[in-house]
Amino acid sequence: MTSEIVIIGGGVIGLAIAIELKMRGTNVTVLCRDFQAAATHAAAGMLAPDAENITNEAMRSLCWRSRALYPDWTTKLEELTGLNTGYRACGILAPVFEEAQGSRGQGSRGQGSREQGAGSKGKGEISPLHPSHCPPASSPAYWLNKEAIHQYQPGLGAEVVGGWWYPEDAQVDNKALAQVLRTAAECVGVELKDGITVEAFLQQQGQVVGVQTNVGIIRAAHYVLASGAWSNELLPLPVLPRKGQMLSVRVPEFAPEVPLKRILFGQNIYIVPRRDRLIIGATSEDVGFTPNNTPDGIQKLLQAAIRLYPQLKYYPIQEFWWGFRPATPDELPILGTSHCQNLTLATGHYRNGILLTPVTAVLIADLILEQKPDPLLADFHYSRFQSEPSTPTPMLTHSANFSNGNRPAISSLPIQDSPLIIAGKTFQSRLMTGTGKYRSIEEMQQSVAASDCQIVTVAVRRVQTKAPGHEGLAEALDWTKIWMLPNTAGCQTAEEAIRVARLGREMAKLLGQEDNNFVKLEVIPDLKYLLPDPIGTLQAAEQLVKEGFAVLPYINADPMLAKRLEEVGCATVMPLASPIGSGQGLKTTANIQIIIENANVPVVVDAGIGSPSEAAQAMELGADALLINSAIALSPNPAAMARAMNLATVAGRLAYLAGRMPIKDYASPSSPLTGTITN
């Protein structure tokens, strides 16, 4: 199918953008994996830029603009659909406990209000902020002392010593809003396609030419990524899921106190009144996509809520649920253009997705249709997470040319060798290295330079999750001189490996290697010996080859599997010498020799080589290249070992080309006996 604009993500952000674009005359299709899994369901619908105490100036401006759009925006949606969004300009009350008064008490609030007047405060009075704490514009906040806040909202906990009143903050029923947006999208003619899992962007020369999905390829003129916490599965963006657990309690018909009428925004807890129930939320858990409510999460919510509003302990529990917020490292959204001209980003809204929905829709529609980026978008561009390489890694010419003193270069020797060619790309160095296990980024940079390698493999998952030792890795090397080989390390199934391979391809593109479709394929369910799964590797290889990848599969030294992988279209085969990181050396020599003898693609010996002598031995067998990581990274002097591995690789290759002397069962003197001096 072909559409004018395809939006990936059917949550409130994706739906709102679709409606805005459609209302401006474009044909829009929304691809939704699972409507019920959207971050919308991990929210309580608070529109609370003031209560949230947002200190980033650009973010505060964005949130204020969006909150100001809400009254007219929801009115139009309600008129279009005949449904209620639950929008209420109710204000938000933020009670403060005694121990927090110093950081959130009167006069210490970092943002606040217009000044409402001067004069002394009487008993139980509401006071405006001190002039020195006035906010940039139009967002009043008032301090309520202990007596005033307990009068204003009866039933608060005895430990509440005061609080802030934010009259311009509001709320909307998040679940009702999601349903209203879905209905509105249908009303205006947006095509909604449910149950569609987008697996990869298909890119050519800086353009998206389609999206690979579970039902085939879907094409459009323009694409919008609005898939929230799942965005990182499609592009190497630092958007990760942050799980939020929530619950609701039912307000009894005869409650012991005056029912709660106002939103309470406390410390790590909020309570939102809705008709006959109260919404309590929310945890913030960095646990990936781990589903379900937990006793620990619910217990923490209930303890905090009861401390803030004690009568809750008598209310019957109604429902538990959870969802996944899309969090970025700076907790700000990613909005605007991307590395592809026809791909726009609208993701990473974290705690403020509901609040920012209307302004996101307007800004993205303006950007796509009018090519007029709002100046505010610059503060939310994805490039803020990228930086220039701090220490460019010099790439020397291949040291096989030994031009030093009177030693001849290989080119001057009476011997012919061809370059290493993988998937049509030519490399002079036959040593590949990795980036893991180094004690520091600096040691890794020095070692890569000393090795003279031209291919460096990078674990996609570790880079994207910023695992220890991998922070800043993408910026540490000069990718204009080194070819990136993304690998699927950590994948235990073919499905995982395929997904990570797609992400690796996007990572290479973001780093400037537009035509890089290489992937080192690892499928390793065995966590003790780290032996690759032959069946899963073959399954993943078949699919990735179909998707246009140059697949370099890591395998056991199995000649039959190697041949089968070659037949399905792999660019190389990479048999292990011995288990990963073991340093045991060549334990599979006989099988590697068979693989080399029968292969019509390059054979790269990978894993287990622990010393330069073993590297030379592998090359003497006729291997086309080596991939060595642990032996270099774990050496007391990694850079020196990297140079030694380089020299050993060159020596082994030269020895293979020169040919070995015959092995004999008897001695043969180096100097012949003829012509010797005799008595």
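FYI, side chains are in, hydrogens and waters are out, and symmetry mates aren't considered; it's all heavy atoms of this structure.
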Carboxylate-amine/guanidinium contact [X] [Y], below 4.0 Å:
X: Glu542; Y: Arg564; value: yes
X: Glu285; Y: Arg325; value: no
X: Asp452; Y: Arg643; value: yes
X: Lys509; Y: Asp515; value: no

cation_pi(Arg242, Phe324) dist<6.0 Å, angle<=45: no

Quiz item: cation-pi between Lys243 and Phe289, 6.0 Å / 45°: no

Spell out, as yes or no, whether a donor-acceptor pair under 3.5 Å connects the side chain of [X] to the backbone of [Y].
X: Tyr438; Y: Thr435; value: no
X: Gln207; Y: Leu343; value: no
X: Thr433; Y: Val456; value: no
X: Tyr529; Y: Ile580; value: no
X: Arg219; Y: Val209; value: yes
X: Ser578; Y: Gly585; value: yes
X: Asn516; Y: Met484; value: yes
X: Glu614; Y: Gly610; value: yes
X: Thr328; Y: Leu332; value: yes
X: Asn517; Y: Gly548; value: yes

Is any side-chain heavy atom of [X] less than 4.5 Å from a side-chain heavy atom of [Y]?
X: Thr197; Y: Thr213; result: no
X: Ile524; Y: Gln492; result: no
X: Trp479; Y: Val458; result: yes
X: Leu345; Y: Leu237; result: yes
X: Met432; Y: Val604; result: yes
X: Ile609; Y: Leu626; result: yes
X: His339; Y: Tyr382; result: yes
X: Phe385; Y: Asp330; result: yes

Test side chain to side chain contact (heavy atoms under 4.5 Å, CB included) applied to Ile596 and Gln593, step by step: CA-CA 5 Å; Ile596 292 170; Gln593 283 181 308; 5.7 Å; no

Side chain to side chain contact (heavy atoms under 4.5 Å, CB included) assessment of Thr488 paired with Val460: CA-CA 6 Å; Thr488 63; Val460 177; over 6 Å; no

Exercise: identify the closest heavy-atom pair between [X] and [Y]:
X: Pro602; Y: Asp624; result: CA-OD2, 3.4 Å
X: Val605; Y: Ala623; result: CG2-CB, 3.7 Å
X: Leu510; Y: Pro236; result: CD1-CG, 3.1 Å
X: Leu420; Y: Ser429; result: CD2-O, 3.9 Å
X: Val573; Y: Val601; result: N-CG2, 4.1 Å
X: Tyr656; Y: Glu620; result: CD1-O, 3.4 Å

Check against salt bridge (Lys or Arg N to Asp or Glu O under 4.0 Å), Arg33 and Glu233: CA-CA 13 Å; Arg33 180 204 312 238; Glu233 294 185 354; 3.5 Å; yes

Donor on one side chain, acceptor on other, Ser635 and Asn637, under 3.5 Å: no

Side-chain donor-acceptor pair present, Gln454, Gln428, cut-off under 3.5 Å: no

Output the distance between atom [atom1] ([X]) and atom [atom2] ([Y]), rounded to the nearest 0.5 Å.
X: Ile422; Y: Cys570; atom1: CD1; atom2: SG; result: 12.5 Å
X: Ile595; Y: Ile592; atom1: CD1; atom2: CD1; result: 6.5 Å
X: Lys563; Y: Leu565; atom1: NZ; atom2: CG; result: 11.5 Å
X: Phe201; Y: Leu234; atom1: CZ; atom2: CG; result: 5.5 Å
X: Ser231; Y: Ile334; atom1: OG; atom2: CD1; result: 7.5 Å
X: Gln543; Y: Lys546; atom1: CD; atom2: NZ; result: 6.0 Å

Derivation of the side chain to side chain contact (heavy atoms under 4.5 Å, CB included) call for Leu621 and Thr589: CA-CA 8 Å; Leu621 294 175; Thr589 304; 3.8 Å; yes

Residues in salt bridge (charged side-chain N to carboxylate O under 4.0 Å, His left out) contact with Arg502, at least two apart in sequence or another chain: Glu199, Glu547

Stepwise side-chain hydrogen bond (donor to acceptor under 3.5 Å, both in side chains) test for Asn487 and Thr457: CA-CA 6 Å; Asn487 71 56; Thr457 186; 2.9 Å; yes

Over 12 foreign heavy atoms within 6.0 Å of CD, Glu514: yes

Residue Gln204 excluded, over 12 heavy atoms near CD under 6.0 Å: no

Evaluation steps, salt bridge (Lys or Arg N to Asp or Glu O under 4.0 Å), between Lys520 and Asp606: CA-CA 11 Å; Lys520 183 191 175 194; Asp606 181 13; 2.8 Å; yes

Steps toward side chain to side chain contact (heavy atoms under 4.5 Å, CB included) verdict (Thr537, Tyr554): CA-CA 8 Å; Thr537 301; Tyr554 169 65; over 6 Å; no

